[in-house]
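Values in this document were obtained by computation on a predicted structure and should not be read as measured data. Computed over heavy atoms, backbone and side chain alike; hydrogens, waters and symmetry mates excluded.
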Amino acid sequence: MRVIRSIERKLVKHGNSVHVSLPMSELRDFNLDVGDQVSIITTDEGLLIQPIRKIEVPSHLNISPDFFKEMDEIIKEHDGTFKGLVDR
């Protein structure tokens, strides 16, 4: 994994959770705002935080927004199987 830049942040307890703050400059660089969702991925080198980009579906395709939610659940449920197929 190639490192472009590295910043150090402190873990802060907030109620029953632990938070990590992100500098506004990082949020701007990745077009993120308060309330946006991110994905936290565990890698062999540590944690990777990525923005979750919502797919904009043209209205003329008539695809239900629930379709993507259901597909995400199917992918999560069968993740091991999909990874096994990739390794073949």
Side-chain angles (χ1 to χ4, degrees):
M1 182 182 327
R2 189 173 65 110
V3 175
I4 295 172
R5 67 179 158 236
S6 174
I7 58 172
E8 292 184 11
R9 305 305 287 183
K10 189 180 287 190
L11 296 174
V12 179
K13 185 165 175 45
H14 184 77
N16 290 329
S17 299
V18 175
H19 294 235
V20 126
S21 65
L22 299 174
M24 291 305 289
S25 59
E26 296 296 315
L27 295 178
R28 277 192 300 274
D29 287 350
F30 289 95
N31 197 26
L32 288 168
D33 201 354
V34 173
D36 288 351
Q37 288 190 314
V38 295
S39 172
I40 301 172
I41 301 165
T42 303
T43 73
D44 56 349
E45 295 185 33
L47 298 175
L48 173 64
I49 301 173
Q50 290 184 321
I52 296 176
R53 301 290 179 211
K54 294 186 178 176
I55 300 171
E56 296 294 326
V57 179
S59 59
H60 71 278
L61 294 179
N62 296 323
I63 297 175
S64 166
D66 293 335
F67 170 80
F68 294 103
K69 216 181 290 183
E70 291 175 25
M71 286 303 298
D72 189 47
E73 289 173 15
I74 290 168
I75 289 169
K76 286 178 185 172
E77 181 180 345
H78 299 287
D79 185 58
T81 304
F82 294 138
K83 287 179 180 173
L85 290 171
V86 169
D87 293 339
R88 285 186 173 188

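Between the CG atom in D72 and the CG atom in D66 there is a gap of 12.5 Å [rounded to 0.5 Å]. Taken from CZ in R28 to CG in D33, the straight-line distance is 11.0 Å, to the nearest 0.5 Å. Here L22 contributes atom CG and I7 contributes atom CD1; the two are 6.0 Å apart, rounded to the nearest 0.5 Å. In this structure, NZ in K76 is found 13.0 Å from CE in M71, a value given to the nearest 0.5 Å. Taking CD1 of I49 as the start and CZ of F30 as the end, the distance is 10.5 Å to the nearest 0.5 Å.
Residues L47 and T42 form a side-chain contact, since some pair of their non-hydrogen atoms from C-beta on lies under 4.5 Å apart. Counting heavy atoms from C-beta on, the side chains of D29 and R5 come closer than 4.5 Å.
Heavy atoms only, all atoms of each residue included: L32 and P51 are closest at CD2-CB, 3.8 Å.
Cluster membership check: I41 does not share its hydrophobic cluster with F82, using side-chain heavy-atom separations under 4.5 Å among Ile, Leu, Val, Met, Phe, Trp and Tyr. If you chain together hydrophobic residues whose side chains sit under 4.5 Å apart, V18 and V38 fall into the same group. Put simply, V20 and L48 are part of two different groups of oily side chains (I, L, V, M, F, W, Y) that touch within less than 4.5 Å, one to the next. The cluster map of Ile, Leu, Val, Met, Phe, Trp and Tyr, joined by side-chain heavy atoms under 4.5 Å apart, puts F67 and L61 in the same cluster.
Applying the side chain to side chain donor-acceptor pair (under 3.5 Å) rule to K13 yields no partners; only residues at least two apart in sequence or on another chain are considered. With sequence neighbours excluded, no residue satisfies salt bridge (Lys or Arg N to Asp or Glu O under 4.0 Å) with K10.
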